[in-house]
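I have placed the structure first, in the form of structure tokens, so that the comments after it can refer back to it.
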Amino acid sequence: MLDRALRWNELFSYWPDALRAELMKSARLVRYRRRTQVLASDRHKRELLAVVSGCLEISSMSSQGRKYVNALLGPGQVAPLVRLLADVPLPYDYHAHEDSVIVHLPCDAVIALLDAEPVLWRDVAKMALKRQRLSVVLLQNQMLNSVRGRVAATLMSVIHFYGMQVKAAASLPVRLSQNDLAAMLGLSRQTINKELGRLVAEGVIDMSYKRIRIVDPDKLAHIAAGTGPQ
């Protein structure tokens with residue numbers, strides 16, 4: 001399972017077989033139940049977390065107990081790249097958003113192998129730049145868009161973080177409650193309920209229990225970009 005997980009991973013799939021085999025010597029595979037904290041015994045431990053199945057939630061909590069969800073990562077994705085740097089503040093927590101299988105990879109072991117094949121750092125840089133672009137777009141939407149646009153942009157960001165290209169009707173790859181969306185947007189659950197209801201009424205999305213189906217991805221993208229009716 002470790003070998004298959006790394007072969008399908010967005011970062012390690014391009015590695016030579018010999019390097020992946022070497023990396024597996026220090027890797028450990030852990031199964032987590034839904035809502036379980038990852039790295040609970042040492043939240044600052046410098047490890048990369050490669051998602052095999054389920055969903056990894058990246059979040060932080062204010063001193064007042066207010067939760068902010070930064071991202072939801074699915075199978076084949078890895079985080080947090082920033083832990084490849086030394087002495088960087090690590091403000092985020094990690095939880096299994098659903099029942100999940102996650103591979104823990106010590107950063108020192110990953111760095112040693114990257115340094116042995118410096119060209120592989122290029123893939124790390126590309127991934128970091130892609131994540132930065134998505135984060136900047138999300139931040140811009142948070143600051144400049146309407147509430148309706150922010151909700152649409154957040155739904156689109158879940159799709160993009162999963163590496164999906166939605167051209168036709170499709171369900172989001174992860175369960176999202178209204179509380180989850182409220183934590184991602186810093187809005188009240190009542191506001192989220194109102195905006196989702198409006199999108200349902202307009203035929204943009206459809207909803208069942210914690211499942212959201214994108215019915216009209218083009219219209220959702222226009223609303224997220226601020227070019228559709230607000």
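All values below come from the heavy atoms of this structure, side chains included, with hydrogens, waters and symmetry mates left out. Everything quoted here is computed from the prediction, not taken from an experiment.
When the side chain to side chain donor-acceptor pair (under 3.5 Å) test is applied to Arg46, the partners found at least two apart in sequence or on another chain are Asp108. Annotation: side chain to side chain donor-acceptor pair (under 3.5 Å) contacts of Asp3 (sequence neighbours excluded): Arg7. For Lys67, the salt bridge (Lys or Arg N to Asp or Glu O under 4.0 Å) test picks out Glu57, with sequence neighbours left out. Residues forming a side chain to side chain donor-acceptor pair (under 3.5 Å) with Thr191 (at least two apart in sequence, or on another chain): Ser188. Under the salt bridge (Lys or Arg N to Asp or Glu O under 4.0 Å) criterion, Asp216 pairs with no residue at all, not counting sequence neighbours. The side chain to side chain donor-acceptor pair (under 3.5 Å) search around Gln132 returns none, not counting sequence neighbours. Shown here are the side-chain contact (heavy atoms from CB on, under 4.5 Å) partners of Ala109, two or more places apart in sequence or in another chain: Ser26, Pro106. Every residue meeting the side-chain contact (heavy atoms from CB on, under 4.5 Å) condition with Arg28, not counting sequence neighbours, appears here in chain and number order: Val30, Lys45, Glu47, His104. The side-chain contact (heavy atoms from CB on, under 4.5 Å) check on Arg66 picks up Ser62, with sequence neighbours excluded. Evaluation of the salt bridge (Lys or Arg N to Asp or Glu O under 4.0 Å) rule for Arg33 yields Asp99 as partners, not counting sequence neighbours. In this view, Arg83 satisfies the salt bridge (Lys or Arg N to Asp or Glu O under 4.0 Å) rule with no residue, not counting sequence neighbours.
Asn179 contributes no side-chain N or O that, together with a main-chain N or O of Arg189, makes up a donor-acceptor pair within less than 3.5 Å. Under the 3.5 Å distance criterion, the side-chain polar atoms of Asp180 are matched with a main-chain donor or acceptor of Ser177.
Just one of Trp15, Trp8, Tyr14 meets the ring-ring contact (aromatic ring centres under 6.0 Å, His included) condition when paired with Phe12; it is Trp15.
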Distance-only criterion, 3.5 Å: show the donor-acceptor pairs between side-chain atoms of residues 115-129 and protein atoms not counting sequence neighbours.
from	atom 1	to	atom 2	distance (Å)
Asp115	OD1	Trp121	NE1	3.0

